[in-house]
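What follows is one structure encoded as structure tokens, with my remarks underneath.
The residues of the chain are indexed from 1 along the displayed sequence.
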Amino acid sequence: MTLIPGIVRNRILYDELFLTKPPAANKWAVTFRDGSGGNLAWPEPDSARKMEQLLDVPPGVLNDRHAYKVHGQLMASGLSFDETENLMSRVSIDAIRTDPETFFRKAFKQMVYFWRCVAGSPPFGGGSDKDYLGQKLGAFPFSLTLDHFSPVICPVIHSGGINLFSFIALLAAVRLLTGGKRRWMGIVVTATFCYFCLRTG
């Protein structure tokens with residue numbers, strides 16, 4: 001109810017329900033990115049053809065789908081910032097409409113497994129996996145010891161440990177839900193878990 005006056009004002013003055021919109025790069029990432037994104041196929045509609053012409057790539061192929069790189073290339077082709085945002089959003093939405101089943105299946109999976117990421121994703125700058133753009137990890141002996149043993153002794157480093165911890169938390173929430181006088185606590189805890197999974201995913 002508190003949002004209705006603002007929504008009506010935005011619609012009358014700006015012909016939009018909301019003035020704040022997520023960046024096109026966010027939509028692009030969840031649509032085309034592999035791993036945490038949908039990794040959807042390149043769509044067929046006219047918006048995709050227009051982007052291919054601007055980027056000078058063959059029809060149906062866009063191998064480099066890094067959002068900000070595409071954004072920069074579109075602006076370099078002569079589009080304004082707003083035109084670039086609108087075109088990237090349109091292509092993303094067209095891809096989702098082309099294959100909604102895959103997108104929503106992966107979106108649900110991301111809500112459950114939002115904490116997972118592709119292994120080896122950090123762009124290490126040196127020859128060693130402990131060297132990130134010249135920044136050495138574990139520079140002191142104590143840190144080196146922890147760095148060496150933490151993958152062994154820390155259960156949350158392993159996906160199995162996180163799955164086990166999540167399952168125990170779920171059982172605890174179910175126990176609260178069936179606990180009579182403590183049922184309201186179970187509802188609050190479960191709603192909190194669901195909210196953060198949905199929001200983070």
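Remark: Lys21 engages Glu16 in a side chain to side chain contact (heavy atoms under 4.5 Å, CB included) (not counting sequence neighbours). Residues satisfying the salt bridge (Lys or Arg N to Asp or Glu O under 4.0 Å) test with Glu83, not counting sequence neighbours, are none. With sequence neighbours excluded, the residues forming a side chain to side chain contact (heavy atoms under 4.5 Å, CB included) with Leu176 are Arg182, Val189, listed by chain and number.
The shortest side-chain heavy-atom distance between Arg11 and Ile7 does not fall under the 4.5 Å cut-off. Residues Trp42 and Met51 meet the side-chain proximity criterion, which asks for heavy atoms closer than 4.5 Å. Taking the side chain as every heavy atom from C-beta outward, Leu19 and Arg9 approach each other to under 4.5 Å.
Atom CD of Glu52 sits about 9.5 Å away from atom OG of Ser47, to the nearest 0.5 Å. Summarising the geometry, atom CG belonging to Leu177 is positioned 9.5 Å from atom CG belonging to Leu170; distances are rounded to the nearest 0.5 Å. Taking CG from Leu74 and CD from Glu85, the interatomic distance works out to 10.0 Å, rounded to the nearest 0.5 Å. Distance check, rounded to the nearest 0.5 Å: OH of Tyr195 to CG of Leu198 gives 8.5 Å. Once rounded to the nearest 0.5 Å, the distance linking OG1 of Thr31 with CD1 of Ile96 reads 4.0 Å. In this structure, Leu79 CG and Leu54 CG are separated by 5.0 Å, a value rounded to the nearest 0.5 Å.
Residues Val30 and Phe103 approach most closely at O-CE1, 3.6 Å, considering heavy atoms. Residues Met88 and Ala24 come closest through the heavy atom pair CB-CB, 3.8 Å. Scanning both residues, Pro45 and Thr98, for their nearest heavy atoms gives CD-OG1, 4.5 Å. Considering every non-hydrogen atom in both Thr190 and Ala173, the closest pair reads OG1-CB, 3.7 Å.
A tilted orientation is assigned to the rings of His71 and Phe81, their planes being inclined by 30° to 60°.
Not one N or O on the side chain of Asp94 forms a donor-acceptor pair closer than 3.5 Å with the backbone of Pro43. With hydrogens and angles disregarded, no donor-acceptor distance shorter than 3.5 Å links the side chain of Thr102 to the backbone of Asp99.
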With side-chain contact (heavy atoms from CB on, under 4.5 Å) as the test, would you mind laying out the steps for Asp46 and Lys50 before giving the verdict?
CA-CA 6 Å; Asp46 294 339; Lys50 180 179 179 181; over 6 Å; no
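When the side chains of ILVMFWY residues are joined at heavy-atom separations under 4.5 Å, either directly or via intervening members, Ile4 and Ile12 end up in a single hydrophobic cluster. Hydrophobic cluster membership is shared by Leu40 and Phe104, with clusters built from Ile, Leu, Val, Met, Phe, Trp and Tyr side chains linked at under 4.5 angstrom.
Checking Ser89 against Asn86 by side-chain atom types alone, no donor-acceptor pair falls below 3.5 Å.
The distance between the ring centers of Trp28 and Tyr68 does not fall below 6.0 angstrom.
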